Amino acid sequence: MRATNLTVACLTNPLGIDVRCPELAWIDEDGLSQSAYQVECKDGAGATLWDTGKVASASMRIAWPGAALASRERVTWRVRLWDDGDACGPWSEFASIEEGLLSADDWCARWISGNYDVPTPRAGALGNFRQMVAAMRPASPDQVVTEPILEGRYPVDCFCRAFVVGKAPVRARLYITACGLYEARIDGEKVGDLCMAPGHTDYRKRVQYQTYDVTAALATGAHELTVQLADGWYRGSCGAWGLLNQYGTQTKLLAQLEVTYADGHVDCVATDTDWQWSGDGPILFADNKDGEMVDATRAPSYAGHARDARHDVAPTASNNVPITMHERFSPAPALAPNGRLLFDLGQNIAGWVELDFDAHESQHVLLRCGEMLDADGNLTLKNIQCSREGFATPLQQVEYVCREGHNHYRTTFCVFGFRYVEVETNVQLGEGSLTAIALYSDMRQTGSFECSNELLNRFFESTVWSTKGNSLDVPTDCPTRERHGWSGDAQIFFETLSYLFDCRSFERKWLHDLFDWQKRDGRLPQVAPAGGVDSYMRFLDGSVGWADAGILIPYRYWRHYGDASVLAELYDGMRRYAEFMIRRCGRRGPFSKRVGIHGEAKKYLVNMGQCYGEWAEPADVHKMDWKDTVAPHPEVATAYTDYVLGCMAQIARELGHEEDEARYRQYSEGCRLAYQELSRLPEFSLDTDRQARLVRPLAFGLLDPQQTAYARKRLVKACESYGWRLGTGFLSTPLILDVLAKYDLDAAYRLLENEEMPGWLFMPKMGATTVWESWEGTQAQGGIASLNHYSKGAVCAWLFRVMCGIAPDGERHVTVAPRPGGRFAYAKAGYESPCGFVGCGWQRVEDGWRFAVEVPANCAATVVLPDGSTREVGAGVHEFECVARAAREG
């Protein structure tokens with residue numbers, strides 16, 4: 001038996017983390033069960049720091065057993081295992097851990113900025129890319145730009161520092177971050193493969209830095225470190241309206257290059273006012289949503305010097321996977337009806353555009369990127385743009401001025417959501433001259449699914465692509481219009497995400513974004529990081545179903561991965577939010593309507609605080625307007641308060657907080673009583689065709705036995721009266737198949753297999769390659785609707801957990817209870833869990849089904865077949881057959 005896939009704090013060979021006592025983990029291979037392990041850790045010189053010796057345990061992860069790691073400390077570690085026969089396997093390969101800069105005192109670098117004054121802009125000033133075209137070019141190529149192209153918009157800053165390496169280094173590290181976006185180069189070569197660094201946080205609370213190993217780039221002799229600095233999320237477009245200066249007005253850079261020699265001497269090249277600077281480089285404008293303006297005939301003069309800047313937040317490591325480039329698409333151009341070149345990727349993505357072509361100096365390329373074509377077959381951005389008084393955003397546009405000869409361009413400081421690229425140019429562009437590159441956080445894809453229904457297969461792939469397109473350091477709602485880290489979307493999708501990708505470090509980073517925002521009263525936001533949120537939306541912070549992500553994601557993380565460390569890490573903030581929810585019980589807000597509940601139940605009714613309610617039900621089920629978000633939703637709010645506080649009671653119990661557990665359980669049960677009383681009132685009656693109104697109480701177990709029996713029958717009737725189409729919105733769509741499958745599996749499959757709108761399969765049937773925001777696609781919301789919005793893909797968790805029955809339920813154990821049905825001939829799913837690959841597939845045979853279950857080494861499974869029979873199995877592939885109920889009864 002051998003150990004593979006060694007990870008540290010859920011990362012592989014991390015460089016520059018700030019977890020001083022990280023958890024170590026591995027996966028077992030080539031055996032059935034592990035009886036013991038030994039972990040050995042060595043320092044940089046190869047001396048043993050600690051050795052566990054042989055430990056009798058089947059666990060595949062251990063808490064850090066040695067002294068806490070120090071700044072810059074690098075260690076290696078390895079594992080060997082004993083199997084169930086006590087045979088010792090080989091040592092694993094060494095894995096590495098390197099700490100970053102753990103203290104503010106470790107930084108000798110100073111924050112610097114471009115040497116120009118930024119006047120205080122109008123609050124939330126809007127920039128317009130089109131207005132910049134006439135004024136984009138300075139008078140001469142060597143002019144140092146200090147004036148804005150438009151109010152509040154400046155060219156990309158260019159910084160430079162020359163230095164000499166006197167002898168061959170044994171180690172060189174670049175620690176770097178920015179308030180803005182940076183790209184660093186040594187002697188013209190890009191440092192590392194990270195993109196859009198340092199990522200997106202609330203820079204007023206937390207600034208992430210990255211660590212790069214640049215040893216191989218620094219031979220003896222003279223070198224040049226250059227850095228470009230763009231607006232990014234810091235002062236560039238955020239939110240649907242492209243609001244500027246959300247975190248500050250002056251972009252800033254902090255960089256520290258440490259070169260270590262064999263004798264222990266360290267040279268440090270750190271940002272200060274000796275760094276050269278100019279604003280006259282080739283990138284004249286860069287906005288993360290609107291695009292870039294690039295004049296390839298220009299080069300930075302570095303004629304000025306940097307200015308001292310200040311930022312009162314000590315940088316911290318992200319401890320997260322980086323944003324990197326992935327899939328590439330190189331379509332051949334076609335001629336659109338409007339006469340422009342049109343490149344169709346065949347897949348909606350979020351990413352970059354790369355050009356490779358020959359041209360003459362000062363020829364132009366103007367390209368725009370979008371998700372759809374209009375009725376005439378030309379590119380349109382209508383579905384993603386907000387516009388008023390001649391202003392529109394996002395523009396997703398690049399203007400490129402060519403140099404003589406060969407030109408190579410790739411976007412650097414913007415990301416577009418697109419399937420189509422429209423090009424206006426006097427340059428000859430043919431096949432291979434344009435490439436689109438998918439850009440997303442480098443989470444490892446773990447999940448796969450396939451079945452006999454091709455539309456469902458395509459919907460699954462659409463969900464995977466929407467996940468990729470909305471994972472840019474933050475889980476966003478769409479990669480085009482808003483790009484907000486909506487908490488509601490993240491919480492309903494987490495379970496699906498945890499099957500599809502190893503999202504542990506990604507989600508933990510974003511949970512810190514969420515709690516960075518938390519207010520003194522305990523409320524959590526609808527969006528995190530909060531930049532770009534329109535001011536009128538702020539009263540919806542604390543909205544149930546959205547802000548609840550601060551409890552529901554850690555809870556589901558714990559249940560899915562069997563890792564309670566996330567609960568302890570965030571418990572103080574979770575407790576504060578739970579108390580915020582409790583304080584709303586039994587109170588009325590300014591827009592509350594009177595609800596006829598009395599007695600004990602009245603103390604627990606939640607009838608204050610604005611919330612989104614169900615959000616985005618089909619228009620013919622419930623047509624939303626602005627009033628839906630002004631008044632409280634006592635039905636939704638009371639239901640979620642019960643559910644969330646019930647989860648908190650389980651969390652408190654796990655962490656040993658007995659008093660908290662009792663308090664949360666009291667309020668959860670009280671809210672359940674209030675909900676039952678509420679459902680007896682005519683205006684909240686269960687006698688309704690509104691599916692969400694029936695799904696929610698059944699999913700959360702809110703009703704008494706009589707109400708439950710009635711609601712179950714009424715839900716089936718509601719589905720039937722709506723033609724077995726989906727009538728739910730954001731909150732209930734992920735729940736409805738679970739509710740139906742508990743008592744009517746045929747109804748669940750009938751709903752799943754519906755190909756009409758509203759329905760999951762309607763999207764791929766209409767040619768969608770990503771998941772739509774609205775059931776109606778671009779016909780919803782006046783045509784303003786994202787076509788890349790993962791929320792409705794949350795149903796994919798059901799494909800894993802119910803259809804194929806894979807449900808992790810503890811360390812090294814999984815329950816596999818497949819429930820075949822519908823018109824499916826076969827289905828199979830699997831995912832790489834932290835313990836190894838878990839899979840289950842089934843196919844229909846003459847009088848029942850045949851099943852294959854795969855369990856990873858050192859794990860066990862409880863297999864429950866549709867006939868009710870149960871088997872306990874260990875590692876390996878196991879096959880079973882089961883007779884269908886109808887065959888048995890016959």
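These numbers come from the heavy atoms of this one structure, side chains and all, not from hydrogens, waters or symmetry mates. Predicted model only: the values in this text are computed from it and were never measured.
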Q | Verdict with reasoning, Asp704 to Arg672, per salt bridge (Lys or Arg N to Asp or Glu O under 4.0 Å) | A | CA-CA 9 Å; Asp704 66 27; Arg672 193 171 311 146; over 6 Å; no
(Q) Is there a ring-ring contact (aromatic ring centres under 6.0 Å, His included) between Phe700 and Tyr640? Walk through the geometry before answering. (A) CA-CA 8 Å; Phe700 294 166; Tyr640 269 89; 5.0 Å; yes
Q. How far apart are the C-alpha atoms of Cys804 and Phe449, what are their side-chain angles, what is the distance that settles it, and do they pass the side-chain contact (heavy atoms from CB on, under 4.5 Å) test?
A. CA-CA 9 Å; Cys804 293; Phe449 172 82; 4.3 Å; yes
Q: Please assess Met574 against Phe515 for the test side-chain contact (heavy atoms from CB on, under 4.5 Å), listing each intermediate value before the final yes or no.
A: CA-CA 9 Å; Met574 295 163 68; Phe515 283 99; 3.8 Å; yes
Q.
Between Tyr667 and Thr641, does the side-chain contact (heavy atoms from CB on, under 4.5 Å) criterion hold? Intermediate values first, please.
A. CA-CA 8 Å; Tyr667 274 88; Thr641 303; 6.0 Å; no
Q: Show your reasoning for whether salt bridge (Lys or Arg N to Asp or Glu O under 4.0 Å) applies to Glu654 and Arg559.
A: CA-CA 11 Å; Glu654 171 69 16; Arg559 304 295 291 180; over 6 Å; no
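The two residues Cys671 and Thr638 come nearest to each other via the heavy atoms O-CG2, 3.4 Å. Of all heavy-atom pairs between Gln518 and Gly573, the closest is NE2-O, 2.9 Å.
Centroid-to-centroid, the aromatic rings of Tyr604 and Tyr675 stay 6.0 Å apart or farther. The ring of Trp546 has its center closer than 6.0 angstrom to the ring center of Tyr612. Here Tyr499 and His560 bring their ring centres to under 6.0 angstrom of each other.
Of the N and O atoms on the side chains of Asp489 and Ser791, at least one donor lies less than 3.5 Å from an acceptor on the other residue. With 3.5 Å as the limit, one finds no donor-acceptor pair spanning the side chains of Arg538 and Gln526. With no hydrogens or angles considered, a side-chain donor-acceptor pair links Tyr577 and Asp548 at under 3.5 Å. Inspection of the Gln610 and His633 side chains reveals no N or O donor paired with an N or O acceptor under 3.5 Å. Looking at Ser565 and Asp563, their side chains do bring a donor and an acceptor atom within 3.5 Å of each other. Side chain to side chain, Trp486 and Glu482 meet the donor-acceptor criterion of an N or O pair below 3.5 Å. Side-chain N/O atoms of Thr496 and Arg801 include no donor and acceptor closer than 3.5 Å. Side-chain contact annotation: Asn383 with Glu371, donor-acceptor N/O pair under 3.5 Å present.
With a 6.0 Å cutoff to the six-membered ring centre and a 45° limit on the axis angle, Arg725 counts as a cation-pi contact of Tyr722. Taking the centre and axis of the six-membered ring of Trp517, the NZ or CZ atom of Lys205 falls outside the cone set by 45° and 6.0 Å.
Within a 6.0 Å sphere centred on CD of Glu658, other residues, nucleotides and ligands contribute 12 heavy atoms or fewer. Atom NZ of Lys717 has 12 or fewer heavy atoms from other residues, nucleotides or ligands within 6.0 Å. In the displayed structure, Lys602 atom NZ is contacted under 6.0 Å by at most 12 heavy atoms of other residues, nucleotides or ligands.
Between Phe800 and Phe460, the ring planes lie tilted relative to each other; the angle falls in the 30° to 60° range. Taking the six-membered ring where the residue is Trp, His657 and Tyr571 present parallel rings, their angle staying beneath 30° rather than reaching 60°.
Looking at Glu756 and Lys765, a side-chain N of the basic residue comes within less than 4.0 Å of a carboxylate O on the acidic one, giving a salt bridge. Between Arg696 and Glu635 a salt bridge is recorded (basic side-chain N to carboxylate O distance below 4.0 Å). By the 4.0 Å N-to-carboxylate-O rule, Arg504 lies too far from Glu507 to be salt-bridged with it. Arg653 has no carboxylate O lying under 4.0 Å from a charged side-chain N of Asp660, or vice versa, which leaves the two without a salt bridge. Ion pairing of Arg483 with Asp477 is absent here, as no side-chain N (NZ or NE/NH1/NH2) approaches a carboxylate O to less than 4.0 Å.
Atom CG in Leu567 sits 5.0 Å away from atom CD1 in Ile651 (nearest 0.5 Å). Distance check, rounded to the nearest 0.5 Å: CG of Leu497 to OG1 of Thr463 gives 11.5 Å.
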Which pairs of donor and acceptor atoms, one on a side chain in residues 742-750, lie under 3.5 Å apart (sequence neighbours left out)?
unit_1: Tyr743; atom_1: OH; unit_2: Arg712; atom_2: O; d: 3.2
unit_1: Asp744; atom_1: OD1; unit_2: Ala747; atom_2: N; d: 3.1
unit_1: Tyr749; atom_1: OH; unit_2: Arg819; atom_2: O; d: 2.6

Taking only distance into account, with no hydrogens and no angle test, what donor-acceptor pairs under 3.5 Å do side-chain atoms of residues 578-589 form with protein atoms, sequence neighbours excluded?
unit_1: Glu579; atom_1: OE1; unit_2: Arg663; atom_2: NE; d: 3.4
unit_1: Glu579; atom_1: OE1; unit_2: Arg663; atom_2: NH2; d: 2.9
unit_1: Glu579; atom_1: OE2; unit_2: Arg663; atom_2: NE; d: 3.0
unit_1: Arg583; atom_1: NH2; unit_2: Asp521; atom_2: O; d: 2.3
unit_1: Arg584; atom_1: NH1; unit_2: Gly542; atom_2: O; d: 3.1
unit_1: Arg584; atom_1: NH2; unit_2: Gly542; atom_2: O; d: 3.3
unit_1: Arg587; atom_1: NH1; unit_2: Arg583; atom_2: O; d: 3.2
unit_1: Arg588; atom_1: NH2; unit_2: Ser592; atom_2: O; d: 3.0

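For the pair Asn470 (side chain) and Cys478 (backbone), a donor-acceptor distance under 3.5 Å is present. Listed for the Asp513 side chain is no donor-acceptor partner under 3.5 Å among the backbone atoms of Ala528. Checked by atom type and distance alone, the side chain of Gln707 pairs as donor or acceptor with a backbone atom of Gln676 at under 3.5 Å. When atom types are taken as modelled, the side chain of Glu773 and the backbone of Ser786 share a donor-acceptor pair closer than 3.5 angstrom.
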